[in-house]
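What follows is a short report on a single structure.
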Amino acid sequence: MRLELGRIKITDVQFGDTTKVVNGTLYVNEQEIVNLIMEDEHIKSVKVELAKPGEETRITPVKDVIEPRAKVEGQGGIFPGVMNKVTTVGTGRTHVLSGAAVVTCGKIVGFQEGIIDMSGPGAEYTPFSKTCNVCLVIEPVEGLKQPEYEAAARMAGLKAANFIGKAGMSVQPDEVEVYETKPLLESIQEYPNLPKVGYVYMLQTQGLLHDTYVYGVDAKKIVPTILYPTEIMDGAILSGNCVSACDKNTTYHHQNNPIIHDLYARHGKDINFVGVIITNENVYLADKERSSDWTAKLCRFLGLDGAIVSQEGFGNPDTDLIMNCKKIENQGVKTVIVTDEYAGRDGASQSLADADPKADAVVTGGNANEVIVLPPMKKIIGMLDYTDKIAGGFDGSLRPDGSIEAEIQVITGATNELGFNKMSATSF
Amino acid sequence: MKKIIITNNPRVYENYLSKMDIMYSDAYSYLDVLSEARDKIHEGHNLLTHPLSGSVKPNETPYKSLAISIERGSLDMDSLMIIEESIATARKFITGKKTPLWTEQILKDFQMIDFYLIKSAIESMDQFHV
């Protein structure tokens with residue numbers, strides 16, 4: 001499977017009469033977006049606001065972040081099984097509005113959502129302070145239950161990203177990246193002497209506000225399976241995970257998975273990156289046993305020499321991570337695991353809820369309990385009254401002057417477990 | 001699958017009361033639910049769901065529901081390891097920062113989240129055993 005990713009660099013976003021891209025500026029027709037989202041009878045109102053890097057703007061509570069993309073050649077469309085037909089994606093050419101993002105906000109529950117600061121110390125912890133953001137503040141109709149509100153907010157973001165992405169279809173990209181993964185036997189023939197490396201991609205799938213979708217399927221219902229990495233770039237994996245802002249994978253993270261990116265960068269040089277095994281993180285322990293047995297089985301079946309295993313979320317998934325690690329290692333396949341830590345405010349506590357001697361190669365995305373003070377911002381997009389109830393915040397964390405003292409787990413993407421951030425740890 | 005739910009969540013209790021065995025008390029703390037499960041595991045019950053289900057932290061939500069087997073056998077070491085590590089993790093959070101005194105509405109949100117987490121596990125367990 002071969003995919004050309006044409007990157008159109010977006011350096012500014014403005015409202016305009018039509019939704020289009022001109023010389024790196026994304027123009028968005030506000031009314032078109034509103035009309036599109038208001039097609040959903042579950043939504044009472046949507047406010048479209050723009051946030052740019054460097055502005056004194058705080059966006060909260062963030063539900064999802066999505067990168068606008070459009071398929072210009074090849075079969076299928078972006079977000080298959082949801083926004084477009086369920087046709088297999090990952091081939092041909094896709095245009096990306098690189099540097100733009102759709103951010104959805106909504107008070108689905110009174111706690112546990114994310115913050116994106118576009119400037120100041122908090123901006124350093126989130127990748128979405130560097131993107132030109134089209135924010136959707138979504139209000140539900142009266143009496144709407146949380147599951148329906150969550151689904152409506154999720155669909156609103158995808159609709160807007162799908163719509164905005166089309167603005168890049170006829171624009172000449174600034175650069176074109178090419179990614180190719182061949183069928184396994186051809187790949188092994190092409191690089192017979194390179195170690196075969198796979199990626200075990202764990203998806204959050206515990207229930208409401210903790211879900212992930214693959215080609216429109218609720219991933220808690222899948223058994224581990226194999227994807228070409230380019231399918232994921234075309235939006236095969238979508239986030240319905242609204243909890244634990246620092247270490248949840250937004251749809252944007254899935255679209256831009258840095259582990260896939262870095263494995264491709266070394267493909268054909270010192271490793272043979274043969275593909276991705278997706279698996280889930282369920283609550284029922286028998287599901288964990290089955291899924292980790294299957295990831296290990298698939299690693300062996302693919303003849304892997306090594307596997308990178310990434311986690312999503314806190315607590316329960318630590319057990320899935322260690323089960324995967326142990327069982328894959330027992331198949332004779334070396335593993336590196338990617339996680340984050342809840343090591344206490346001083347960083348001195350046990351980092352994970354599970355451990356094993358076989359987990360001897362670990363990459364961390366940082367300590368989510370670290371404390372930060374976020375200064376007040378001039379503009380708030382969303383609802384600030386919920387900020388003192390966000391994960392890691394505590395009573396009184398929202399000070400009268402608008403500043404917030406909280407753990408960095410309040411910040412969207414701060415300790416991302418795909419490594420899509422700047423923090424880590426190293427030993428000397 | 002025959003199971004016992006241990007919970008301090010009134011929404012879980014009310015929903016499953018007539019459908020399965022439940023150990024419920026609104027006086028249980030988050031850690032009490034885990035401790036009750038540990039005692040049952042020592043009596044030979046198996047843990048069926050992960051005690052740290054959900055990304056909501058143990059010092060955020062006061063509610064916890066989990067499932068153990070109704071049958072008893074010899075002590076299951078895997079169950080014991082998971083519950084002990086979960087208790088240690090939960091205690092670390094709760095001693096680091098206490099659970100806030102939430103408003104009634106936010107408590108209801110936490111009940112809802114906990115309900116859907118255990119519901120997803122029960123649905124998975126009961127696909128062939130209603």
Side-chain angles (χ1 to χ4, degrees), chain A residues 108-112 145-147 204-211 218 220-221 241-245 247-248 281-289 312-320 342-346 349-350 352-355 368-369 386 388-397 407 409, chain B residues 1 3 46-61 65-69 76 78-79 81-82 84-93 95-110 112-127:
Chain A
I108 295 172
V109 286
F111 63 97
Q112 273 286 7
K145 300 279 186 218
Q146 284 102 334
Q204 177 64 270
T205 57
Q206 296 183 67
L208 180 69
L209 305 178
H210 293 73
D211 281 322
D218 180 348
K220 76 165 81 67
K221 307 275 188 188
N241 182 13
C242 302
V243 186
S244 202
D247 56 13
K248 74 174 190 182
E281 303 173 346
N282 288 11
V283 174
Y284 183 27
L285 293 173
D287 289 340
K288 294 184 186 302
E289 287 289 355
E312 179 175 8
F314 151 83
N316 169 0
D318 295 357
T319 296
D320 299 274
Y342 289 83
R345 292 185 172 194
D346 58 359
S349 306
Q350 172 77 24
L352 297 178
D354 205 342
N369 293 131
Y386 274 79
D388 61 337
K389 289 136 193 159
I390 288 177
F394 35 85
D395 282 350
S397 69
E407 295 181 5
Q409 55 174 312
Chain B
M1 172 167 290
K3 64 192 94 48
N46 282 11
L47 191 61
L48 296 178
T49 63
H50 199 287
L52 297 179
S53 52
S55 293
V56 187
K57 310 300 179 299
N59 59 355
E60 289 177 297
T61 180
S65 302
L66 52 77
I68 58 170
S69 65
D76 179 53
D78 287 341
S79 295
M81 287 289 286
I82 292 175
E84 288 290 2
E85 280 167 347
S86 298
I87 288 171
T89 299
R91 189 169 284 143
K92 176 184 79 183
F93 274 85
T95 52
K97 173 177 88 67
K98 284 201 166 36
T99 309
L101 293 169
W102 299 112
T103 63
E104 201 57 36
Q105 186 51 50
I106 289 178
L107 288 173
K108 283 215 166 10
D109 287 344
F110 281 120
M112 182 228 14
I113 295 274
D114 178 67
F115 169 73
Y116 278 99
L117 291 169
I118 196 73
K119 181 169 177 268
S120 88
I122 290 170
E123 283 174 356
S124 195
M125 278 178 226
D126 286 351
Q127 286 177 112

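No hydrogens, no waters, no symmetry mates; every other heavy atom, side chains included, goes into these values. Below, read A as the first sequence line, B as the second, and so on, with proteins coming before strands; counting in each chain starts at 1.
Proximity to chain B (any heavy atom under 4.5 Å) is shown, for A/Pro317, by neither the backbone nor the side chain. Contact of B/Ile118 with chain A is not made at all, since no heavy-atom distance falls under 4.5 Å. Only the side chain of A/Asn369 comes within less than 4.5 Å of a heavy atom of chain B; its backbone N, CA, C and O stay farther away. With a threshold of 4.5 angstrom between heavy atoms, B/Phe93 approaches chain A through side-chain atoms but not through N, CA, C or O. Proximity to chain A is limited to the side chain of B/Thr89, based on heavy atoms less than 4.5 angstrom apart. Neither the backbone nor the side chain of A/Lys145 comes within contact range of chain B; no heavy atom of the residue lies under 4.5 Å from a heavy atom of that chain. In this structure, no portion of A/Glu312 lies under 4.5 Å from any heavy atom of chain B.
Taking all atoms of both residues into account, the shortest heavy-atom contact from A/Pro147 to B/Tyr116 is CG-OH, 3.4 Å.
The shortest side-chain heavy-atom distance between B/Ser124 and A/Lys220 does not fall under the 4.5 Å cut-off. Counting heavy atoms from C-beta outward, B/Ser55 and A/Lys248 have side chains that stay 4.5 Å or more apart. The closest side-chain heavy-atom distance from B/Ile113 to A/Gln146 is not below 4.5 Å.
For the atom pair CD (B/Glu60) and OG (A/Ser244), the distance works out to 7.5 Å, reported to the nearest 0.5 Å. Atom CG of residue A/Asp354 and atom CD1 of residue B/Ile82 lie 7.0 Å apart, to the nearest 0.5 angstrom. Atoms CG and CG, from B/Leu117 and A/Leu209 in turn, are 8.5 Å apart once rounded to the nearest 0.5 Å. The CG atom of A/Asn282 sits 12.5 Å away from the NE2 atom of B/His50 when rounded to the nearest 0.5 Å. Note: B/Leu52 CG to A/Asp318 CG = 8.0 Å, rounded to the nearest 0.5 Å.
Between the side chain of B/Thr49 and the backbone N or O of A/Val283, no donor-acceptor pair lies under 3.5 Å.
Annotation: maximal heavy-atom pairing with chain A below 4.5 Å, among B/Lys119, B/Met112, B/Glu123, B/Lys108, occurs at B/Met112. With chain A as the partner, the residue from B/Gly54, B/Ala67, B/Ala88 showing the most heavy-atom pairs under 4.5 Å is B/Gly54. Here B/Leu48 is the residue among B/Leu66, B/Ile122, B/Leu48 with the most heavy-atom pairs under 4.5 Å with chain A. Annotation: maximal heavy-atom pairing with chain A below 4.5 Å, among B/Met81, B/Gln105, B/Lys92, occurs at B/Lys92. Per-residue counts of heavy-atom pairs under 4.5 Å with chain B were compared for A/Thr319, A/Asn316, A/Asn241; the largest is that of A/Asn316.
Cation-pi geometry between B/Lys57 and A/Phe314 is met: under 6.0 angstrom from the ring centre, within 45 degrees of the axis.
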